Undergrad: 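Take a look at this one; I'll ask things after.
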Amino acid sequence: MEDAEEEQRRRLKLEEALEIQSLRRIISAYLNYPDAADEDVRRYERSFRKLPPAHKALLSHYPLKFQRLRRCISLNSHFIFSMLQAFEPPLDMSQDIDLSEDQHPEYAQNDHLFREGIDSCSCESAPLRITCSVSNRHGCVESNNDSCRSSVLVHPNEATVTSSQQQWLDPSFQLNVPLVDVDKVRCIIRNIVRDWAVEGQKERDQCYKPILEELNLLFPNRSEESPPACLVPGAGLGRLALDISSLGFICQGNEFSYYMMICSSFILNHCQTVGEWTIYPWIHSNCNSLSDSDQLRPVTIPDIHPASAGITEGFSMCGGDFVEVYSDPGQKGSWDAVVTCFFIDTAHNIVEYIEVISNILKDGGVWINLGPLLYHFADTYGQDEMSIELSLEDVKRIALHYGFEFEKERTVETTYTTNPKSMMQNRYFAAFWTMRKKATAAQQQVP
Ligand code: SAH
């Protein structure tokens, strides 16, 4: 008995250490942004210096461009640093952590457990209590090593973060992070444009507007006393969830990336005015640029003041892995609508996602989906990640199996975090559907 308790205590301690480690790595990636970006500029300068004098003379404006790039980097860094300062880590980040194998042999063995997250998380904890587990090594923003395990409630009407000592921002607590992590920070900057800038309006009109219109149509007489409940798994930076809340739904966004959560929490909780911040999202690519001024153009954020967006009471962001959080028996039949936008292809096992969505919907509830099937774990370069990559046809067949029936289906042409002024515009022909969970779904058995 005591052994079991001791084992449990050790496990919790290890988990906490892993959470701290993982969060430190993410914070370090944010903090490494200025150096990594400056290193790029130094590389451009080195190439410029190698030019023959006659060619250099033709590009005499380049030194000024480098200077301007550095100024943009420093303003982006100012935004990032302010965001981190507003963030209150849920754990004591100054703790000494020892994850060496002799201290924690189980770390080596059970790494996969932590990647998947072994604890399920509830959605009831205090505002901005984020904990983070997991440590793995994928390359994209959506990967599990960024994930947070328990919940975050974001209240746009309240300043929920109190000041802390923030020793964890001190350089001595920083880790050396691989450049791929800093790349994630750049991805986040592009996501900010998608969700929170006027420049992102076109993309939001392509992706979010059809969803909002559909919700409006499907729930015509929304009661103010008891509004319908809508869940948005993979909520990213929270704009879609906020817009759904403003439409008159009790909306919850679910998101497992700490990169995303730190940023959405800052915008939702701390931005005081429209256009409060100016960032330079497009400086990191010299490719497909029509002009230097396009590349160096500023973008102001946010385009709306979240706290004045007329949200419906009960708006929240819940941190954690979708499957873990919403497989909780208490979630069964809780939601009137589930909205997935560019989310279902993040699954290791998309069948599991569909099963959970069906399970948490009320009978007669709706699932609105918009997105491609660019399976995130399809190419993990020898890491042998579990990944079930179904065709759209199979996805739909599985959905029918879990008690859904189709109400609407069409294709939506859209971009995703694309620079609207770039010479390259990747387009998706995204599937957009509304499915309804049949009243009998609960009785259906899957062979
Ligand atoms: N819906 C947003 C973000 C789409 S990107 C938009 O349209 O802009 C997919 C998002 O899902 C990422 O933010 C990623 O971190 C998140 N995500 C991926 N797997 C997840 C999981 N298992 N649980 C919760 N969120 C997840």
Side-chain angles (χ1 to χ4, degrees), residues 22 26 115-117 120-121 123 130 132-134 136 138-152 184 187-197 200-212 230-244 251-265 267 317-328 331 338-350 352-357 360 368-377 385-387 412 414-418 428 430-432:
S22 170
I26 288 159
R115 277 197 258 145
E116 308 300 338
S120 64
C121 85
C123 293
I130 311 173
C132 179
S133 70
V134 233
N136 79 356
H138 307 299
C140 58
V141 164
E142 293 78 12
S143 68
N144 246 0
N145 61 334
D146 321 327
S147 67
C148 34
R149 185 166 49 80
S150 54
S151 40
V152 180
K184 294 178 190 177
C187 286
I188 293 288
I189 295 177
R190 298 171 77 100
N191 272 277
I192 297 176
V193 180
R194 172 175 169 86
D195 269 23
W196 297 106
Q201 188 66 53
K202 191 168 161 225
E203 217 168 84
R204 291 197 296 277
D205 283 349
Q206 289 164 347
C207 294
Y208 299 168
K209 203 167 162 201
I211 294 173
L212 293 164
C230 177
L231 176 71
V232 184
L237 292 183
R239 178 57 175 270
L240 178 60
L242 181 99
D243 286 351
I244 292 172
C251 189
Q252 180 165 85
N254 158 241
E255 174 54 58
F256 86 160
S257 162
Y258 252 124
Y259 286 99
M260 292 282 186
M261 289 300 263
I262 291 174
C263 184
S264 66
S265 157
I267 296 174
M317 292 287 276
C318 172
D321 171 68
F322 169 65
V323 171
E324 247 186 84
V325 177
Y326 297 92
S327 295
D328 187 284
Q331 285 286 333
V338 172
V339 163
T340 49
C341 183
F342 277 77
F343 173 69
I344 57 172
D345 53 3
T346 64
H348 285 278
N349 173 7
I350 190 169
E352 193 176 37
Y353 272 17
I354 298 169
E355 184 180 21
V356 176
I357 293 171
I360 61 175
I368 303 173
N369 174 66
L370 191 151
L373 292 174
L374 181 65
Y375 291 103
H376 287 213
F377 295 100
E385 282 286 351
M386 149 97 170
S387 179
V412 167
T414 181
T415 55
Y416 183 84
T417 63
T418 297
Y428 293 92
F432 177 46

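This structure is a prediction, so every number in the text was calculated from the model and none was measured. First listed ligand is number 1; within each ligand, the first listed atom is number 1.
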Undergrad: Under the 3.5 angstrom rule, does the side chain of Asn254 hit a backbone N or O of Val232 as a donor-acceptor pair?
TA: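 Judged by distance alone, no pair lies under 3.5 Å.
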Undergrad: I'd like to know whether the aromatic ring centres of Phe342 and Tyr416 sit less than 6.0 Å apart in this structure.
TA: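 When the ring centroids of Phe342 and Tyr416 are compared, they turn out to be within the sub-6.0 Å range.
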Undergrad: Which of the numbered atoms in ligand 1 are below 4.0 angstrom from a heavy atom of Thr346?
TA: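 Heavy-atom distances to Thr346 below 4.0 Å select 9 (C), 18 (C), 19 (N).
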Undergrad: Counting each atom of ligand 1 from 1 as listed, which ones have a heavy atom of Met260 under 4.0 Å away?
TA: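 That gives atoms 13 (O) of ligand 1.
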Undergrad: Tell me, please, which residues at least two apart from Asp243 pass salt bridge (charged side-chain N to carboxylate O under 4.0 Å, His left out).
TA: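 If we apply the salt bridge (charged side-chain N to carboxylate O under 4.0 Å, His left out) test to Asp243, skipping adjacent residues, the hits are Arg239.
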Undergrad: For Leu240, state whether at least one heavy atom is located under 4.0 Å from any atom of ligand 1.
TA: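 No.
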Undergrad: Quick check: does Asp195 get an N/O under 3.5 Å from an N/O on ligand 1?
TA: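 Not met; the criterion fails.
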Undergrad: Does any N or O of ligand 1 fall below 3.5 Å from an N or O anywhere on Tyr208, backbone included?
TA: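 By distance alone, the answer is yes.
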Undergrad: Taking both backbone and side-chain atoms of Gly234, is any N or O found less than 3.5 Å from an N or O belonging to ligand 1?
TA: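 Such a contact does occur with ligand 1.
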Undergrad: Taking 4.0 angstrom as the limit and counting only heavy atoms of Phe342, give me the atoms of ligand 1 inside it, by number and element.
TA: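 Result: 4 (C), 5 (S), 9 (C).
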Undergrad: If I compare all heavy atoms of Phe377 with all of Met386, which pair ends up nearest, and what's the gap?
TA: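 Distance-wise, the nearest heavy atoms are CB-O, 3.9 Å.
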Undergrad: Give the ring-plane orientation class for Phe343 versus Tyr353, where under 30° counts as parallel, over 60° as perpendicular and anything between as tilted.
TA: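 Rings of Phe343 and Tyr353: parallel, as their planes differ by under 30°.
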Undergrad: Side chain or backbone, does Ala235 bring an N or O within less than 3.5 Å of an N or O on ligand 1?
TA: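 Not met; the criterion fails.
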Undergrad: Considering only heavy atoms from C-beta outward, does the side chain of Asp345 approach that of Ile350 to under 4.5 Å?
TA: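 Answer no - side chains too far apart.
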Undergrad: Between Gln252 and Cys230 (side chain of the first, backbone of the second, donor and acceptor by atom type, cut-off under 3.5 Å), is there such a pair?
TA: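 Not at all, since once roles are kept as given, no pair shorter than 3.5 Å links the two residues.
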Undergrad: Assess Tyr353 for proximity to ligand 1: is some non-hydrogen atom of it under 4.0 Å away?
TA: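 Checking ligand 1 against Tyr353, which is what was asked, there is a heavy-atom contact under 4.0 Å.
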Undergrad: Using a strict 4.0 Å cut-off to heavy atoms of Gly236, name the atoms of ligand 1 that fall inside it.
TA: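 Numbered from 1, ligand 1 contributes 3 (C), 13 (O).
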Undergrad: Need the ligand 1 atom indices (1-based, order shown) with element for anything under 4.0 Å from a heavy-atom of Phe322.
TA: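 Listed by number with element, the hits are 21 (C), 22 (N), 23 (N), 24 (C).
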Undergrad: Mark up the atoms of ligand 1 that fall under 4.0 Å of a heavy atom belonging to Tyr416, in ascending order.
TA: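 Those of ligand 1 that fall under 4.0 Å from Tyr416 are 3 (C), 4 (C), 5 (S), 8 (O).
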Undergrad: One residue to check: Arg194. Relative to ligand 1, which of side chain, backbone, both or neither has a non-hydrogen atom less than 4.0 Å away?
TA: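 Looking at Arg194 and ligand 1, just side chain atoms fall under 4.0 Å.
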Undergrad: Mind checking salt bridge (charged side-chain N to carboxylate O under 4.0 Å, His left out) for Glu355 and listing every partner two or more places apart, or none if nothing turns up?
TA: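 With sequence neighbours excluded, Glu355 shows a salt bridge (charged side-chain N to carboxylate O under 4.0 Å, His left out) to no residue whatsoever.
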Undergrad: Are Arg204 and Lys209 close enough that some pair of their side-chain heavy atoms sits under 4.5 Å apart?
TA: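 Sidechains of Lys209 and Arg204: no contact.
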Undergrad: Indicate whether the side chain of Thr417 and that of Asn191 have a donor and an acceptor atom separated by less than 3.5 Å.
TA: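 There is no such pair (donor and acceptor under 3.5 Å, judged by atom type) between the side chains of Thr417 and Asn191.
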Undergrad: Any atoms of ligand 1 less than 4.0 Å from a non-hydrogen atom of Asp321? List them with their elements.
TA: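 Within the 4.0 Å cut-off of Asp321, ligand 1 contributes 21 (C), 22 (N), 23 (N).
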Undergrad: By number and element, which atoms of ligand 1 are closer than 4.0 Å to a non-hydrogen atom of Gly320?
TA: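 Taking each heavy atom of Gly320 in turn, ligand 1 has 23 (N), 24 (C) under 4.0 Å.
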